[in-house]
Number of protein chains: 2
Amino acid sequence: MRRKSLAGAVCPIARSLDVIGDWWSLLIVRDALRGMRRFSEFQKSLGVSKNILTQRLRTLVAQGILELAPATDGSAYREYVLTAKGRDLFHVLVALGQWGQEHLDPPAGSRLTMVDRARGEPLRRLELRARDGRVLGPGDTIMTKIA
Amino acid sequence: MRRKSLAGAVCPIARSLDVIGDWWSLLIVRDALRGMRRFSEFQKSLGVSKNILTQRLRTLVAQGILELAPATDGSAYREYVLTAKGRDLFHVLVALGQWGQEHLDPPAGSRLTMVDRARGEPLRRLELRARDGRVLGPGDTIMTKIA
DNA sequence: GATGACAGGTTTCATGATGGAACCAGTTGG
DNA sequence: CCAACTGGTTCCATCATGAAACCTGTCATC
């Protein structure tokens with residue numbers, strides 16, 4: 001049977017994973033955040049086959065994460081650009097990046113890290129704070145139903 | 001051909017997705033953070049078939065995200081508990097949850113949100129800050145090679 | 001200490017998703 | 001006008017997913 005759709009889940013995490021929880025989507029968004037816009041750029045960067053890329057780009061557009069825009073270089077081609085909804089995935093990618101950097105060994109000789117572009121300095125770790133400013137950890141939150 | 005392994009990728013985001021970028025793993029971690037420990041609890045909560053759940057739990061254990069511990073109720077069964085590495089996925093889940101809550105419509109009548117357990121108050125949005133305290137957005141960071 | 005139910009799987013099989021390669025139409029550069 | 005490039009589509013083999021049946025060890029009860 002087809003994998004179950006989580007689109008109608010009550011849990012917002014499950015709904016998110018339904019949309020961007022597949023193998024390629026977040027990597028496409030990552031590249032888009034780095035400024036990539038063209039089909040061929042994504043294909044080259046990801047090494048994914050073209051039929052799959054076509055399919056993923058189409059769903060991302062359908063979900064309002066990317067949109068098609070006329071090419072910036074004046075050619076007749078079109079480019080994929082992030083919408084506000086797509087750019088809001090930034091924190092998801094940062095969280096994934098910080099976790100990977102901390103817990104997964106990089107290949108020998110090339111360690112990448114995200115830095116503050118303006119100053120070239122390393123970033124702080126993401127922190128979740130309560131309204132009163134306390135930093136919250138895994139045990140300090142709970143899901144509740146709201147009106 | 002099998003989906004390409006990203007385990008040796010230079011990008012920490014890609015390495016993370018290689019480990020927890022599949023359909024179920026993060027949902028299992030979400031449930032584990034909520035306190036679930038038993039095979040049957042996960043199966044009931046996720047509605048996944050048992051062979052798939054077996055497989056996912058095994059990889060999560062192999063990756064050091066979960067570990068097997070003797071049951072807390074004194075029975076001979078074993079339970080799956082998060083390691084520190086697994087608990088560190090908290091921010092990834094928070095980021096996914098905040099994005100889903102903001103951009104994906106919940107099913108009618110049941111909106112869930114994450115709150116500060118101690119006070120029942122809503123949380124602040126995750127913020128990424130530079131070392132000097134500036135809040136950084138998608139355009140303000142860049143990946144660099146470090147020694 | 002037999003017995004039936006439950007926990008936690010494994011096996012089998014059908015079906016859907018993935019990926020490589022070949023092919024193709026519209027665009028561009030020369 | 002022709003060749004190469006962009007951005008796909010189609011076809012096919014293979015892999016992963018999922019449902020259901022089965023199986024083994026544990027627990028609760030009598």
Side-chain angles (χ1 to χ4, degrees), chain A residues 1-9 14 17-28 31-32 35-63 66-82, chain B residues 1-9 14 17-28 31-32 35-63 66-82:
Chain A
M1 188 190 260
R2 79 179 319 106
R3 88 220 291 198
K4 181 170 316 190
S5 166
L6 301 170
L17 289 171
D18 187 69
V19 174
I20 42 95
D22 75 277
W23 197 251
W24 294 112
S25 296
L26 281 176
L27 291 172
I28 293 172
D31 284 348
M36 291 189 191
R37 317 176 122 239
R38 300 292 281 260
F39 187 94
S40 52
E41 287 182 296
F42 293 118
Q43 207 223 327
K44 189 174 169 192
S45 162
L46 302 174
V48 60
S49 47
K50 300 203 281 181
N51 51 354
I52 305 295
L53 181 56
T54 302
Q55 187 180 305
R56 289 294 178 268
L57 288 171
R58 236 191 276 287
T59 24
L60 288 172
V61 169
Q63 293 287 347
L66 293 175
E67 62 189 357
L68 279 163
T72 48
D73 62 359
S75 76
Y77 297 112
R78 314 227 291 166
E79 297 179 342
Y80 295 92
V81 296
L82 286 167
Chain B
M1 188 190 261
R2 79 178 318 106
R3 90 221 289 197
K4 180 170 315 190
S5 167
L6 301 170
L17 288 171
D18 187 69
V19 175
I20 42 93
D22 75 279
W23 197 253
W24 294 112
S25 297
L26 281 176
L27 291 172
I28 293 171
D31 283 347
M36 291 190 191
R37 316 176 123 240
R38 299 291 281 259
F39 186 93
S40 50
E41 288 182 295
F42 292 118
Q43 206 222 328
K44 190 173 168 192
S45 163
L46 302 173
V48 60
S49 46
K50 300 205 278 182
N51 49 357
I52 305 296
L53 181 56
T54 301
Q55 189 180 303
R56 288 295 179 266
L57 288 171
R58 236 192 274 286
T59 6
L60 289 172
V61 169
Q63 292 288 346
L66 293 175
E67 61 189 356
L68 280 163
T72 47
D73 62 0
S75 75
Y77 297 112
R78 314 227 294 167
E79 297 180 343
Y80 296 91
V81 296
L82 285 168

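Since this is a predicted model, take the numbers as computed values, not measurements. Here is how names work: the chains are called A, B, and so on, in the same order as the sequence lines, proteins then strands, and each is numbered from 1.
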Judged by atom type as modelled, is there a donor-acceptor pair below 3.5 Å linking the side chain of [X] to the main-chain atoms of [Y]?
X	Y	result
B/S45	B/F42	no
A/S25	A/G21	no
B/E41	B/R37	yes

Without decimals, in angstroms, what is the distance between [X] [atom1] and [N] [atom2]?
X	N	atom1	atom2	result
A/W23	D/dC15	CH2	P	16 Å
A/L46	C/dG19	CG	P	11 Å
A/Q43	C/dG19	CD	P	12 Å
B/I52	C/dG16	CD1	C1'	12 Å
A/L53	C/dA17	CG	P	18 Å

Worksheet item: Distance check: side-chain N/O of B/Q55 vs OP1/OP2 of D/dA16, anything under 4.0 Å?
Response: no
Discussion item. Just N and O in the side chain of B/W24: are any of them under 4.0 Å from OP1 or OP2 of D/dG18?
Written reply: yes
Practice prompt. Calculate, to the nearest 0.5 Å, the distance between atoms CH2 and CG belonging to B/W23 and A/L6 respectively.
Written response: 5.5 Å
Worksheet item: Quick one: CD1 on A/I20 to CG on A/D18, what's the gap to the nearest 0.5 Å?
Response: 9.5 Å
Fill in: Nearest to side-chain heavy atoms of B/S49, which nucleotide of D/dT17, D/dG18, C/dT18
D/dG18
Output a table of donor-acceptor pairs, distance under 3.5 Å, between side-chain atoms of residues 67-76 of chain B and any protein atom two or more places apart or on a different chain; print 'none' if there are none.
residue: B/T72; atom: OG1; partner: B/E79; partner atom: OE1; Å: 3.4
residue: B/D73; atom: OD1; partner: B/S75; partner atom: N; Å: 3.0
residue: B/D73; atom: OD1; partner: B/S75; partner atom: OG; Å: 3.0
residue: B/S75; atom: OG; partner: B/Y77; partner atom: N; Å: 3.4

Worksheet item: What does nucleotides 5-13 of chain C look like as a protein-contact string, B for base, S for sugar-phosphate only, - for none, at under 4.0 angstrom between heavy atoms?
Response: -BSBBBBB-
